[in-house]
Amino acid sequence: MAEEAKTQEEKPQDKRPLVSRVPVKDKEMLDLLLADRGVTYYEEMKKFPVDTEAFKKTLDASCKSRIRTWLKICAHCGMCADTCFFYLANDRDPKQVPSYKIQSTLGEIVKRNGDVDTDFMINCMDTAWGKCTCCNRCGMYCPHGIDMGVMFGYTRGLCFSQGFVPHEMKIGSGMHWIFNAQMDVTVEDYVETCEWMVEENEEYYPGLTIPVDKVGADIMYVVNAREPKHYPQDLAVAAILFHLAGESWTVPSKGWEGTSLAMFAGDWACCKQQVENVYAAMERLKVKRYVGTECGHQHRATITEGPYWAGRKSGDPPVPGLHYVEWVLEALETGKLKLDPAKKIKEPCTLQDPCNYVRNHGLTDVTRKIMSYIAEDFREMSPNREHNFCCGGGGGMNGIGRYRKERNIGLKVKRDQILATGTKFVVSACHNCWDAIRDLEEVYKIGIKWSFLKPILLEMVIVPDHLKPKEEEEGANE
Amino acid sequence: MVAIYEFVRGPLALISFAVFFVGCIYRIIWYVKGLDWRLDRVAYSTQRSLGIKGAIRSLFHWLLPLNRTTVNHPIFMGATYLFHLCLIIAPLFLVAHVVLIEESWNISWITIPDPIPDYMAMVVIAVGVFFLLRRLTNPDVKIITDGSDYLVLAIAVAPFITGILAYHQIFDNQLMTILHILAGEIMLIAIPFTKLCHFVLFFCSRIQLGMDYGIKRGGAHGRGIAW
Amino acid sequence: MNNNNNKIILCLVIAACVAPFIIISAAFAQDDIQQLQHDIFVDRERPAAVFPHALHADELGIDCLECHHIYKDGENVWDESELSDCTGCHSLKADGKKMSAMRAFHTNCKDCHLKENKGPVTCGECHTKKK
Ligand code: HEM
Ligand code: SF4
Ligand code: SF4
Ligand code: SF4
């Protein structure tokens, strides 16, 4: 198979096939895929053969007793049906019952020991990415403890190894191979963005810095590539809040990006190299702790799953890893950050619990405590905490054009949850959820606003006197 | 017919108990050996105490009806708890079974008065019929049902139907008793090979997921998540 | 009307006179044992086992010593003058070498039935419900 891949690469570039069993590791291929926008890609896929021999080997090596047991003992009782938001959003379509989705894909693959054809694999792909966000909700309700989210994660890996992966996911993992980031942002770009953000803001916050590669800092802050690329202001606000809280912090140059589209794509080798960059930065800079930005899957990839990809037997990253909300709560509780109670959000507001750090990392109460500092009329969604429904855009769903229709149907559950709270303002400390809620408003126009925590905190934070700009201080004295 | 009785009561009983015990133990060994901290992404051995806590939590909430699924589906979950309770208690503590085992292998344990397992067997049959009807009518269940589900249900309920007929001496008693013993032996032999192996693998699966949540998915944070 | 009343009274009187005879004859009929009715089985789970003594001893002519026994030095020394009450020796619980009463009956009956390929062997065949 490796040889085949080589000969593929040696063909003239206009003939290079877009679908392949190997990840994208060169810029040229990446550009070809980007230019194609999925059209030829999915056409090619319809004719792309399954390598059943390799498939058998992959199954032997990776499909062990846990997954085989789950597939075998499933009582076919249907208790998982109404736990999946896709099932609810699609008017209780039996084809959306989690057990059905997994039995008809991975279950068949295992039964036939990898002896499946192209059409079958395309259906697997459409199920693993188009009918599941790997939110893991169903697993919490199955009497046998069968976690379909985990199994779909595994199925994605199988699909990836056979080349049956949505266009954007193939590109996503390619980006990580080439740029060590989910977008084409280089280390230089990132460092420049940091400098630019300091320049833009130091006038208002004298002494503001974004220390790059400072050895021995307390906190290493790691971002989502979307921030430097599309919302650099987010980086600035993070810096301002660290600055006001008086933290000793730094951002790494290499290893600055914490997300992993490779995880959504099921490209496990890429996940490993991606997270090892971040861990190398932790070790290089000898920091005490890691704080990641307001991103759910970044936390999942770097802190929860990452240690295992990197082969860390302890299951922990090299230094303790905090989600941004954990740092915020700590800063509020210790008084490092002081908020002006008069500026609390007056209107009723609600909170989106992202699966990736709530259900899958137990941070159930942190955000609620933060809400008590920032909101006067906070109303829970129902269900909430670890029982919350996925926003509807997780697991890479938001970014995949092929499943846009399915995604928009799925959003109905979150829409109705929000409507039921009677609030018009949703706080969301997760990029994916934030996107999904934005798109939800675009599609269903229910008249809501949504926000990350950082902008809200910046509005309310009390700037200590010694950190205020000179003029203002003088003005205040007069 | 007496010869058949002798066979099912003697050698076949021994064989089926042996298959049952060896098979179940094999299943457990197979399961534990197949766990892989890297593939499963759970640090089983290095975070043992969090793991044990999570496992106990998971078993506690699911062996007892203390979970959201029971709240959301009280009728089905109530039925299944009752079904399993009766299915295990009735044969295990039935006087006649204990007497026969004592006469064969000289071991015995406490028993319960006959009318109780009698009612329990009726409960098993009634819930079995409920499961069957649900499989035939509920579209969500229908789509995931295959032949093995009916087979397994039949294997599980058959000893109770024949048991009641034998106990109440309906039809020819010798025939009924033979069929009853045979049905029980088929069940014992089927447990390791069919999905009735959930008899042991349920515990494995719940413990594993409990450890997963306990170790990786937040067991170390806040109040922890219950499964 | 009077006539009718008299008839009823007459019937009752006859019944009252006949009843004792029926009861007494039934009691004497114990001689021909039909069931293993032993008082030590206080809380019975199953009806008393059917055991037609005459069928075994008279019609089939089975040697008394097949069932009745008193062992001395490994030899069965029972004779008709000796105690015939099984539960006089076999009590509810096994006692040393002595089997429990239930075990003794089960072994005695079933082993023989199986060996001879005759007679009931399953629970319900002996412990029949009153019909
Ligand atoms: C302690 C041991 C056992 C546990 C914890 C257990 C647990 C479960 C669970 C969680 C389910 C899925 C929910 C449901 O469909 O009711 C189930 C289903 C089932 N179990 Fe068990 N089980 C045990 C032993 C057994 C045994 C020994 C049998 C029979 C030999 C059995 C027969 C069944 C059947 C037939 C079903 C499927 C019911 C249906 O058709 O929906 N179980 N069990
Ligand atoms: S709830 Fe669990 S056992 Fe029941 S059908 Fe779903 S996955 Fe299978
Ligand atoms: S993991 Fe989430 S999206 Fe996937 S099947 Fe389960 S509940 Fe549905
Ligand atoms: S996008 Fe948010 S809610 Fe959806 S799966 Fe990810 S973390 Fe969960």
Side-chain angles (χ1 to χ4, degrees), chain A residues 61-70 72-83 87 92-95 97 99-100 103-104 136 139-147 150 154 304-305 307-309 311-316 326 357-366 383 385-387, chain B residues 27 30-43 45-47 58 62 67-69 72-73 76-77 80 131 134-135 138-146 148-149 152 195 197-198 201-202 204-210 212-213 215-227:
Chain A
S62 61
C63 190
K64 295 293 172 70
S65 62
R66 175 174 72 153
I67 285 179
R68 288 183 192 269
T69 295
W70 277 344
K72 186 169 179 80
I73 67 174
C74 169
H76 300 157
C77 67
M79 285 297 105
C80 50
D82 61 4
T83 66
Y87 169 86
R92 302 182 157 258
D93 179 359
K95 287 214 153 77
V97 174
S99 169
Y100 174 75
Q103 298 282 352
S104 61
N136 301 84
M140 290 196 71
Y141 290 81
C142 168
H144 275 311
I146 299 173
D147 196 326
V150 168
Y154 174 72
T304 318
E305 313 283 2
Y308 299 96
W309 294 324
R312 298 182 61 83
K313 228 177 158 168
S314 65
D316 290 325
E326 291 179 277
Y357 62 84
V358 177
R359 178 152 45 249
N360 285 299
H361 206 86
L363 304 183
T364 45
D365 292 326
V366 175
R385 296 184 169 84
E386 69 266 33
H387 296 283
Chain B
R27 280 281 175 198
W30 167 82
Y31 187 88
V32 174
K33 281 188 105 166
L35 293 178
D36 182 319
W37 70 274
R38 282 191 86 154
L39 286 175
D40 303 346
R41 303 205 290 266
V42 182
S45 52
T46 52
Q47 308 227 26
S58 174
W62 288 90
N67 48 71
R68 281 248 179 152
T69 303
N72 294 347
H73 298 277
F76 177 81
M77 289 301 280
T80 200
F131 283 160
R134 194 168 166 272
R135 281 209 184 286
N138 183 326
D140 299 337
V141 184
K142 222 153 86 182
I143 197 172
I144 43 182
T145 295
D146 56 32
S148 76
D149 293 313
V152 157
K195 67 188 195 185
C197 63
H198 75 268
L201 291 181
F202 163 87
C204 296
S205 174
R206 279 245 74 92
I207 288 172
Q208 193 280 330
L209 195 71
D212 190 331
Y213 270 101
I215 292 168
K216 182 171 81 170
R217 301 199 228 172
H221 296 278
R223 65 190 161 79
I225 295 176
W227 25 83

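A, B, ... follow the sequence lines: proteins, then strands. Residue 1 opens every chain. Values in this document were obtained by computation on a predicted structure and should not be read as measured data.
- For B:Asp140, the parts lying under 4.5 angstrom from a heavy atom of chain A are both the backbone and the side chain.
- Heavy atoms closer than 4.5 Å to chain A are found in both the backbone and the side chain of B:Tyr31.
- The closest donor-acceptor contact from the side chain of A:His76 to the backbone of B:Ile144 lies under 3.5 Å.
- B:Leu209 CG to A:Ile146 CD1: the interatomic distance, rounded to the nearest 0.5 Å, is 10.0 Å.
- Contact check for A:Thr83 versus B:Arg68: no side-chain heavy atoms found under the 4.5 Å cut-off.
- Side chains of A:Arg92 and B:Pro139 form no contact here, defined as non-hydrogen atoms less than 4.5 Å apart.
- In this structure a side-chain-to-backbone donor-acceptor pair under 3.5 Å is missing from B:Lys216 to A:Thr304.
- Of the possible donor and acceptor atoms, one in the side chain of B:Arg134 sits under 3.5 Å from a partner among the backbone N and O of A:Cys77.
- No part of B:Asn138 comes within reach of chain A, as not one of its non-hydrogen atoms sits under 4.5 angstrom from that chain.
- The residue among B:Asp212, B:Val42, B:Asn72 with the most heavy atom pairs within less than 4.5 Å of chain A is B:Val42.
- Side-chain atoms of A:Thr69 and B:Trp30, non-hydrogen and from C-beta on, do get closer than 4.5 Å to each other.
- Between B:Gln47 and A:Asp316, some side-chain heavy-atom pair lies under the 4.5 Å cut-off.
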